[in-house]
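Quick notes on the structure that follows.
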Amino acid sequence: MSNMADGEVRVRFAPSPTGFLHVGGARTALFNWLFARNQGGKFILRIEDTDLERSTEESYQAIIDAMKWLGLDWDEGPIVGGDYGPYAQSERRDLYREWAQRLLQEGKAYYCFCSSEMLTGMREEQKKQGKDPKYDGRCKLLLPDEVGHRIAEGQPHVIRFKMPQEGETVVHDIVRGDVTFNNTQLDDFVIIKSDGYPTYNFAVTVDDALMKISHVIRGEDHLSNTPKQIRLYHELGIEPPRYAHVPLILGEDKTRLSKRHGATSVGQFKTDCYLPEAMVNYLALLGWAYDDKTELFSRDDLVQKFSLERVSSTGAVFDYAKLQWMNAEYMKHRSLDDKVTLVLPHLEAAGLITSPLDDEMMQFIRQLVEVVGERVKVANQIPEHVGFFFTEDVDYDPEAAEKFLKQHYVGPAFKILEERLSALEEFEQATIEPVMRGLVSEMGMKARDLFQPVRVALTGTRQSPGLFEVMVLLGKDKVLARLRRARKEFS
RNA sequence: GUCCCCGUCGUCUAGCCUGGUUCAGGACACCGCCCUUUCACGGCGGCGACACGGGUUCAAAUCCCGUCGGGGACACCA
């Protein structure tokens, strides 16, 4: 029995619904998806919810949402179904029991009645003696009668796999080459827990076998589990799939990326309004490269160019700065309407606007976004760029005020400026600019000598979008009021 | 502790398999200059790495060994 008899590529992403989808998981899902699409194979989503304690409906939903947001569609799995279901492990209990029974009957597995407390004690003892913590296999010696008796009595028990103790097991890994494990390191691990659910290693193996998975692409942290699974395949008489263990995603300190390193859940990036195409592009480059220069890949490029052979074997630090740069690259390609949509929730969250927007406000925001342009690299940065449009009293950046508003000429210059601007019939860039530039040359200064103080007076800060655009959007009244206030306050 | 994986600029990486074309290329970040009313964008330039030690070889980032360093796995969690 071979899983690759028909040569069809079938890969899966198998998250457990015990939390939000992590960027590491997302990257694994992406590599699986890209490989499937590149090979014209099938991408399967399977939910590993055998840990009853920690699995939740919310997590399941969050994972589904994140996958959809990233555009990683699955050919078989929850919602879409498929010929190899069910696709949630909690619904596959009978299958696991069936296969465990088979192993039991063939003498390749046995019942174990040891308590967890006893096992923990044993492990500690072994560690103290400097030995590998391994189950000693004592229940393997139990007579069939005794086993039957204890089960009839209702004694809690698990089923263990009888691990061969001689020889070695080789994992043929596409990313790492052949990795050899000595079988003496492996022990009789539990395949069915006392609650009747399978353990991870057993469930994965049974499912991958039954679902005819051809390539297992997963995180490097699973590499040391692989020999156990391969032994299982052998005893089950099934050819194991091909493996590709991809490097872990790390935090700045080079340890596995976790919450304390910053945002790690895909959902968080989504609510921050990162662009999914930027996220996908960035994630693809974490542990994979096409050549020595290409960095921006459309989804189609990725599908066309992806290959497991070019996945690197070293862990990759998640670099928020580069993600942000990449997001900015993709923002440039978004339409104004898209940007407005992206930015709206953050304006609201910052308390700058309130939900039902009239047409006038909508139009205003459109103009704001246009004026702000490429300064916003990620949509959630919008408030810091446009906050001053929404307040009556701008907060002056003390240093900026000190440097630009306290110049001796500012008072008189503003006075004249106020007069001339208020005389303007049309308050447009075309009418404002001559006034500003005219004053600059009359007073024999450089443009910045007037523009920077005006900027600080209007926005409170030393950097902003183009001054004339800002003035037009602010409107004549606010411009005059702010100039006046600054003049009175500082000169 | 044991087993396994990994080790090229601060970070992501190309090059390594098939030694010479590389006093190691690109990108992000950082610094400087230019553009300019500021910032951002853009353009130009700069800083900056083959972990270390031995071999093999005419020649090593590339092959071998060792050391050191980092990470991961050692559950009735996945």
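Treat the numbers as computed from the prediction; the structure is a model and nothing was measured. Atoms considered below: every heavy atom in the structure, side chains included; atoms not considered: hydrogens, waters and symmetry mates. By convention in this document, chain letters (A, B, ...) are assigned in the order of the sequence lines, proteins followed by strands, and residues within each chain are numbered from 1.
Within 4.0 Å of Arg218(A), counting heavy atoms only, lies no atom of the nucleic acid at all. Looking at heavy-atom distances under 4.0 Å, Thr314(A) makes contact with sugar-phosphate atoms alone, never a base. Heavy atoms of Val158(A) sit under 4.0 angstrom from at least one base atom. Across all strands shown, Leu467(A) has heavy atoms under 4.0 Å from base atoms, whether or not it also approaches the sugar-phosphate. Among the protein residues, Thr120(A) comes within range of no part of the nucleic acid, since none of its heavy atoms lies under 4.0 Å from any strand. At a threshold of 4.0 angstrom between heavy atoms, the contacts of Thr50(A) are confined to the sugar-phosphate backbone, with no base atom among them. Within the nucleic acid shown, Gly466(A) comes within 4.0 Å of at least one base atom, counting heavy atoms only. Nucleic acid contact for Lys446(A): none, since no nucleic acid atom lies under 4.0 Å from a heavy atom of the residue. Base engagement by Arg462(A) is indicated by at least one non-hydrogen atom pair under 4.0 Å involving a base atom. Among the protein residues, Asn225(A) comes within range of the nucleic acid bases, having at least one heavy atom under 4.0 Å from a base atom. Across all strands shown, Ile192(A) has no heavy atoms under 4.0 Å from either base or sugar-phosphate atoms. Within 4.0 Å of Ser464(A), counting heavy atoms only, lies at least one base atom of the nucleic acid. In this structure, His222(A) reaches the bases: a heavy-atom distance under 4.0 Å links it to at least one base atom across the strands shown. Residue Pro15(A) is out of contact with every strand shown, counting any heavy-atom pair closer than 4.0 Å.
Look at CD on Glu309(A): it is 14 Å from P on rA14(B), rounded to the nearest Å. When the C1' atom of rC39(B) is taken as reference, atom CZ of Phe468(A) falls 15 Å away, rounded to whole Å. Between Phe451(A) atom CZ and rU38(B) atom P there is a gap of 10 Å when expressed in whole angstrom units.
Checked against rC76(B), rG71(B), rG26(B), the side chain of Leu248(A) finds its nearest nucleotide in rG71(B).
For rA78(B), one of the phosphate oxygens OP1 or OP2 lies less than 4.0 angstrom from a side-chain nitrogen or oxygen of Lys193(A). For Arg123(A) and rA75(B), the shortest distance from a side-chain N or O to OP1 or OP2 is below 4.0 Å. The phosphate of rU13(B) has neither OP1 nor OP2 within less than 4.0 Å of any side-chain N or O from Lys293(A). Arg437(A) has a side-chain polar atom (N or O) that falls below the 4.0 Å cut-off from OP1 or OP2 of rU37(B). OP1 and OP2 of rA78(B) both lie 4.0 Å or more from every side-chain N or O belonging to Arg46(A). Look at Lys254(A) and you'll find a side-chain N or O under 4.0 angstrom from OP1 or OP2 of rU11(B). Taking 4.0 angstrom as the limit, Lys332(A) places a side-chain polar atom (N or O) nearer than this to OP1 or OP2 of rG42(B).
Between Phe269(A) and Phe318(A), the two ring planes are tilted [angle within 30° to 60°].
Nearest-nucleotide mapping onto RNA chain B: of Cys112(A) and Ser312(A), the residue sitting toward the 5' end is Ser312(A). Annotation: of the two residues near RNA chain B, Asp253(A) and Arg54(A), the 5′-most nearest-nucleotide partner is Asp253(A).
Counting distance only, with no hydrogens placed and no angle test, the side-chain atoms of Arg375(A) and the base atoms of rC39(B) include a donor-acceptor pair under 3.5 Å.
Tyr282(A) is listed as a side-chain neighbour of Asp319(A), based on a closest heavy-atom distance under 4.5 Å. Side-chain atoms of Phe161(A) and Arg231(A), non-hydrogen and from C-beta on, do get closer than 4.5 Å to each other.
A salt bridge links Arg138(A) with Asp136(A); the closest basic N to acidic carboxylate O contact falls under 4.0 Å.
Not counting sequence neighbours, the partners of His157(A) by the ring pair (Phe, Tyr, Trp, His ring centres under 6.0 Å) test are Tyr111(A), Phe113(A).
Note on residues 366-383 of chain A: pairs passing salt bridge (Lys or Arg N to Asp or Glu O under 4.0 Å), not counting sequence neighbours, are Asp337(A)-Arg366(A).
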